Amino acid sequence: MKLEGIFTFVQVVDSGSLSEAARHLRISRSVVSERLAELERSLGATLLQRSTRKLSVTEDGSAFLERARRIVCEVRQAQADLAERRGELTGPLRISAPVTFGRMHLGPALYGFLQKYPDIQLTLDLNDRRVDATSDGFDAVIRNGPIVDSFLVAWQLAPSPRYLVASPGYLARHGTPANLEELAEHRGIFYTNRGTADWRFVDGDQAYVVQGDGDLVLNNGDMMLDAAIAGLGISLLPAFIVGQALRDGKLTRIDVGMQAEPEFLYIGHPHGRKPSAKLRALAAWLKEAFGDPPYWDG
């Protein structure tokens, strides 16, 4: 059994066709067919059903595919490890991040990183779901807020202050709360992952929580921003989301006599797994790109 046959099989399945796999591997379609045939002979099993219109994975192919993917991953990681020993940064790097932060700030910061290290094969998954870095196969996750996962080793990237905001129109209609008691009487806009007990404030060593009524609960930061601008209520949002809206006058910052509980942006990698040189390089790059204080809080 040859490694090139295993690599080709995985690529064919991922590409959905022999021709597309050949284009990706930069070999001819006939070579792809030869490699697959040789792999099937060595295994004594048919892995793919091929016709002029359709390519499908057989039952044996499905059983082999999971292990084939692990083999490909291990070989690529071994190549990357050797390259890092020579001072090179190369190979796959799979990261998960929240949608709004990824769109507004992470994407632009990554472009320069990838130009500097063109041999890194980055996969960025933007998802507001709190993924499990280990079981979901991520090298690291980027998150905003308190660290609640004991299985993550977190590196701080930047402070992430949050501001209590509402539209000028909403405040004109409903008044501006001056303290936590008055804040509790207002309509709230909350983030699904945090719940309605997310209005957390500090005064010296004392912490206070304002329990909202859950008038509007959304699972995306962009939607929360739009809802606040539309005058649907008050929201406690990170500066990286509301900074521009505050500068444009679309939102007004509300002072209730206390600061929101301090938070930060961090990149976390699975506990017990040695972080690669390329992950350490990415963390250093992002920390410098965001700044302290971060540029969006200017």
Side-chain angles (χ1 to χ4, degrees), residues 3-4 6-8 10-11 14 24-26 66-127 129-160 240 263-296:
L3 278 175
E4 64 183 17
I6 298 174
F7 272 72
T8 302
V10 172
Q11 187 61 58
D14 290 343
H24 184 87
L25 295 170
R26 298 180 181 179
E66 181 180 354
R67 295 193 177 189
R69 288 193 189 281
R70 290 204 296 268
I71 292 170
V72 170
C73 182
E74 288 292 335
V75 171
R76 286 177 174 166
Q77 189 58 56
Q79 292 172 326
D81 289 345
L82 288 175
E84 288 178 8
R85 288 174 63 88
R86 298 191 298 268
E88 303 169 4
L89 295 183
T90 185
L93 184 61
R94 191 160 183 249
I95 306 294
S96 173
V99 175
T100 302
F101 181 74
R103 180 187 63 81
M104 297 178 73
H105 304 286
L106 180 59
L110 286 173
Y111 302 150
F113 178 77
L114 294 175
Q115 288 175 342
K116 184 176 181 180
Y117 304 109
D119 293 329
I120 291 180
Q121 301 148 16
L122 179 70
T123 299
L124 175 61
D125 181 83
L126 297 182
N127 198 319
R129 177 178 62 88
R130 294 189 71 86
V131 301
D132 183 330
T134 303
S135 61
D136 290 336
F138 291 103
D139 295 296
V141 295
I142 294 176
R143 289 181 180 162
N144 176 67
I147 302 172
V148 296
D149 300 321
S150 59
F151 56 83
L152 285 180
V153 177
W155 298 335
Q156 184 172 336
L157 296 177
S160 183
F240 67 76
E263 295 187 351
F264 59 88
L265 282 155
Y266 65 90
I267 183 168
H269 65 86
H271 184 76
R273 183 188 301 176
K274 181 182 178 181
S276 64
K278 53 182 176 285
L279 181 58
R280 294 194 298 272
L282 175 61
W285 179 277
L286 293 178
K287 190 170 184 178
E288 182 176 354
F290 298 152
D292 187 4
Y295 67 84
W296 53 74

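Not measured: the values here are computed from a predicted model.
- Leu126 and Pro98 get closest at one heavy-atom pair: CD2-O, 3.8 Å.
- Nearest heavy atom pair, residue Tyr295 against residue Met104, reads OH-O, 4.5 Å.
- Crowding of Arg70 atom CZ: a count of heavy atoms from other residues, nucleotides or ligands under 6.0 Å exceeding 12.
- In this view, Arg26 satisfies the side-chain contact (heavy atoms from CB on, under 4.5 Å) rule with no residue, not counting sequence neighbours.
- With sequence neighbours left out, Asp125 forms a side-chain hydrogen bond (donor to acceptor under 3.5 Å, both in side chains) with no residue at all.
- The side-chain hydrogen bond (donor to acceptor under 3.5 Å, both in side chains) search around Thr8 returns Arg35, not counting sequence neighbours.
- For Asn144, the side-chain contact (heavy atoms from CB on, under 4.5 Å) partners are Ser160, Arg194, Pro238, Phe240, Glu263, Leu265, not counting sequence neighbours.
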Got a list of side-chain donor-acceptor pairs under 3.5 Å for residues 281-294, not counting sequence neighbours?
unit_1, atom_1, unit_2, atom_2, d
Trp285, NE1, Ala109, O, 2.8

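- Put simply, the side chain of Asp139 gets close to the backbone of Arg94: a donor and an acceptor are under 3.5 Å apart.
- Going from atom OG1 of Thr90 over to atom NZ of Lys278 covers 7.5 Å, rounded to the nearest 0.5 Å.
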Could you go through Leu110 and Ile95, starting from their C-alpha distance and side-chain angles, then the distance that decides it, and tell me whether this counts as side chain to side chain contact (heavy atoms under 4.5 Å, CB included)? CA-CA 11 Å; Leu110 286 173; Ile95 306 294; over 6 Å; no
Taking distance alone, no hydrogens or angles, what donor-acceptor pairs closer than 3.5 Å link side-chain atoms of residues 112-123 to residues at least two apart or in another chain?
none

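- Remark: Leu157 CG to Ile142 CD1 distance equals 6.0 Å, nearest 0.5 Å.
- What you find for Trp155 and Pro275 is that their closest heavy atoms are CH2-CB, 3.6 Å.
- Counting heavy atoms from C-beta on, the side chains of Val10 and Ile71 never come closer than 4.5 Å.
- To the nearest 0.5 Å, the span separating CG on Leu89 from CG on Leu279 amounts to 11.0 Å.
- The shortest side-chain heavy-atom distance between Ile6 and Val75 does not fall under the 4.5 Å cut-off.
- Closest heavy-atom contact between Trp296 and Pro159: CZ2-O, 4.4 Å.
- With contacts defined as side-chain heavy-atom distances shorter than 4.5 Å, the pair Arg69/Asp14 qualifies.
- The CG atom of Leu106 sits 9.0 Å away from the OH atom of Tyr111 when rounded to the nearest 0.5 Å.
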